[in-house]
Amino acid sequence: MKTKRILITALSIFVMAIGLAQDEDSGKSNIQEFTPSKLLKKGQWDIKFFNSIYTQTEQTDSGSKSVTIDRQTFFTNTTEIFTGISKNSRVNIGLIFQVRANTYGGAGALEVLNFKDNTTDARSGLTTIAPSIRIQPFKNVANFSFTSSFFIPVFEDVPNAPYLDKRSFFWETKFFYDKTFGGNKWQIFTEADLGYNFGEKSVDADPASENISERFANNSLFVPLSAFLSYFPSSKSTVFVNAQQAFLFDLGNDFDQDYTQLGFGGKYQLTKVLNLEASFGKIVRGNNFQGLGQTFSLGLRALF
């Protein structure tokens, strides 16, 4: 119930922001003007309420061979709040927080939305908070920027319980670049991330008081590389296909991993302020106990 209250509070803030901003106007839709690489103007706000359900019944063995497992499902809500603070639209600051819920043991995928929390087959709660900054480093390259965030784990350390989230301090920097072409009908967007997980190694954790499984990624570098190709049927809508190759490099915890994901989705401008995004992703290959599941995502974004 505590997790549900957190989500309801976040959604309430999101709805109030929409109501306060309904009178804002723009010459073209936000999905066209504010690409992922473009920063906000001073005093402008961007609030994103993004939800995803990842579910899997397969994973790889210690190599790349697929094996069947009982269904596992992972829900993530990521709420991002950013605002512009510079007159030249080159610096934004913000806050990100994440709520997660996981189920194990073969339960149906939608069972995760009950937000159960126990030490046997379900976990849920607010897991991380991250102060963030976005910067456009080059004055004459408006479609290149980066976002740097420092994720702090805030959830309880429960020994011998199912995995909820990484027990890591996580410093992540995302680099964005996009290019529009074909009479503003097409866009290519690329993203390269560098994320460093640090904290106590799993082999050094005390199983009597600490959750060992949540320390698997500590002392590792996470590097996902992504590309999106978008088409704009109209000024208010876009559809896209995407591909991602991700690597987890061992920097001292004796664990590495990689996977390839393909997907598609779309966005639609509902009002002058609010747009909707839906997408699907499938992990098509992986290595070293990597899940081979599907992700279903739905997001709402208010920009005013």
If you round to the nearest 0.5 Å, how far is [atom2] of [Y] from [atom1] of [X]?
| X | Y | atom1 | atom2 | answer |
| --- | --- | --- | --- | --- |
| Arg134 | Glu80 | CZ | CD | 6.0 Å |
| Phe304 | Asn30 | CZ | CG | 11.0 Å |
| Phe82 | Ile96 | CZ | CD1 | 4.5 Å |
| Thr73 | Gln294 | OG1 | CD | 10.0 Å |
| Asn184 | Gln32 | CG | CD | 7.0 Å |
| Phe50 | Leu300 | CZ | CG | 10.5 Å |

For the residue pair [X] and [Y], confirm or rule out a side-chain donor-acceptor distance under 3.5 Å.
| X | Y | result |
| --- | --- | --- |
| Ser226 | Gln244 | yes |
| Gln56 | Tyr54 | yes |
| Ser168 | Asn218 | yes |
| Asn288 | Ser62 | no |
| Ser66 | Glu58 | yes |
| Asn253 | Asp250 | no |
| Gln98 | Thr128 | yes |
| Trp171 | Ser148 | yes |

Discussion item. List the residues meeting side-chain hydrogen bond (donor to acceptor under 3.5 Å, both in side chains) with Asp258, not counting sequence neighbours, and say none if there are none.
Written reply: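 Testing Asp258 for side-chain hydrogen bond (donor to acceptor under 3.5 Å, both in side chains), a comparison that skips the adjacent residues, returns Arg285.
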
So do the side chains of [X] and [Y] get within less than 4.5 Å of each other, counting heavy atoms only?
| X | Y | answer |
| --- | --- | --- |
| Val67 | Gln59 | yes |
| Leu303 | Val273 | no |
| Leu164 | Thr127 | yes |
| Phe181 | Ile188 | yes |
| Leu298 | Leu276 | yes |
| Pro137 | Phe146 | yes |
| Arg71 | Thr55 | yes |
| Leu251 | Tyr196 | yes |

- Task: Locate the shortest heavy-atom distance separating Thr120 from Asn118; write the atom from each residue and the value.
- Result: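 Closest pair (atom of Thr120, atom of Asn118, distance): N-OD1, 2.9 Å.
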
Exercise: identify the closest heavy-atom pair between Ile212 and Ala205
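Distance-wise, the nearest heavy atoms are CG1-CB, 4.1 Å.
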
Strictly by salt bridge (Lys or Arg N to Asp or Glu O under 4.0 Å), give each pair with a member in residues 151-176 just once, sequence neighbours left out.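 Of all non-adjacent pairs touching residues 151-176, those that pass salt bridge (Lys or Arg N to Asp or Glu O under 4.0 Å) are Arg100-Asp165, Asp157-Arg167, Asp157-Arg215, Arg167-Glu214.
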
*Selection residues 106-117 - residue pairs positive for salt bridge (Lys or Arg N to Asp or Glu O under 4.0 Å), sequence neighbours left out*: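 The answer is Glu111-Lys116, Asp117-Arg123.
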
Give the intermediate values and the outcome of side-chain contact (heavy atoms from CB on, under 4.5 Å) for residues Thr173 and Thr147.
-> CA-CA 6 Å; Thr173 301; Thr147 299; over 6 Å; no

Under the rule for ring pair (Phe, Tyr, Trp, His ring centres under 6.0 Å), what residues qualify as partners of Phe232, not counting sequence neighbours?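 Here no residue qualifies.
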
Query - Partners passing ring pair (Phe, Tyr, Trp, His ring centres under 6.0 Å) against Phe249 (at least two apart in sequence or in another chain) - result: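 With sequence neighbours excluded, Phe249 shows a ring pair (Phe, Tyr, Trp, His ring centres under 6.0 Å) to Phe247, given in chain and number order.
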
Strictly under 6.0 Å, is that where the ring centroids of [X] and [Y] end up?
| X | Y | value |
| --- | --- | --- |
| Phe264 | Phe280 | yes |
| Phe289 | Phe216 | no |
| Phe115 | Phe75 | yes |

Cluster question for you: counting only ILVMFWY and a side-chain heavy-atom cut-off of under 4.5 Å, with indirect links fine, are [X] and [Y] together?
| X | Y | result |
| --- | --- | --- |
| Phe255 | Tyr259 | yes |
| Leu95 | Val154 | yes |
| Leu39 | Phe144 | no |
| Val91 | Val141 | yes |
| Leu248 | Phe74 | yes |

When you look at Thr35 and Asp178, which way does the side chain to side chain donor-acceptor pair (under 3.5 Å) test go after all the steps? CA-CA 8 Å; Thr35 66; Asp178 66 66; 2.7 Å; yes

Checking side-chain contact (heavy atoms from CB on, under 4.5 Å) for the pair Thr57/Leu292: CA distance, chi angles, key distance, verdict? CA-CA 8 Å; Thr57 56; Leu292 300 173; over 6 Å; no

Sub-3.5 Å donor-acceptor pair from the side chain of [X] to the main-chain atoms of [Y], do we have one?
| X | Y | result |
| --- | --- | --- |
| Asn219 | Phe198 | no |
| Gln136 | Phe138 | yes |
| Glu33 | Ser29 | no |
| Asp206 | Glu210 | no |
| Thr79 | Phe97 | no |

Notebook entry, point to check: Would Tyr163 and Asn102 satisfy side-chain contact (heavy atoms from CB on, under 4.5 Å), going step by step from the backbone distance to the final call?
Noted result: CA-CA 8 Å; Tyr163 173 86; Asn102 307 335; 4.1 Å; yes

Yes or no on side chain to side chain donor-acceptor pair (under 3.5 Å) for Thr260 and Gln245, after CA distance, side-chain angles and deciding distance?
CA-CA 5 Å; Thr260 305; Gln245 177 63 47; 2.4 Å; yes

Quiz prompt | Sequence neighbours excluded - side-chain hydrogen bond (donor to acceptor under 3.5 Å, both in side chains) pairs with any residue from residues 87-97 | solution =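 Sorted pair list: Ser86-Asn88.
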
Q. Hey, is NZ on Lys282 packed in by over 12 heavy atoms from elsewhere, all under 6.0 Å?
A.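 Yes, the 6.0 Å shell around NZ holds more than 12 heavy atoms from other groups.
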
- request: Take atom NZ of Lys185 as the centre, draw a 6.0 Å sphere, and report whether it contains more than 12 heavy atoms from other residues, nucleotides or ligands.
  value: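 Yes, because the 6.0 Å sphere around NZ of Lys185 holds more than 12 heavy atoms from other groups.
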
message = Determine whether Ser202 and Asp204 satisfy the following criterion, side chain to side chain donor-acceptor pair (under 3.5 Å), listing intermediate values before the conclusion.
response = CA-CA 5 Å; Ser202 56; Asp204 296 330; over 6 Å; no

Of the options Phe189, Trp186, Phe228, which is the one that meets Phe240 in a ring pair (Phe, Tyr, Trp, His ring centres under 6.0 Å)?
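Output: one option passes, namely Phe228.
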
Next on the checklist: I'd like to know whether Ile53 forms a side-chain contact (heavy atoms from CB on, under 4.5 Å) with Thr295, so could you lay out the CA-CA distance, the side-chain angles of the two residues, the decisive distance to 0.1 Å, and finally the verdict.
Outcome noted: CA-CA 6 Å; Ile53 292 179; Thr295 301; over 6 Å; no

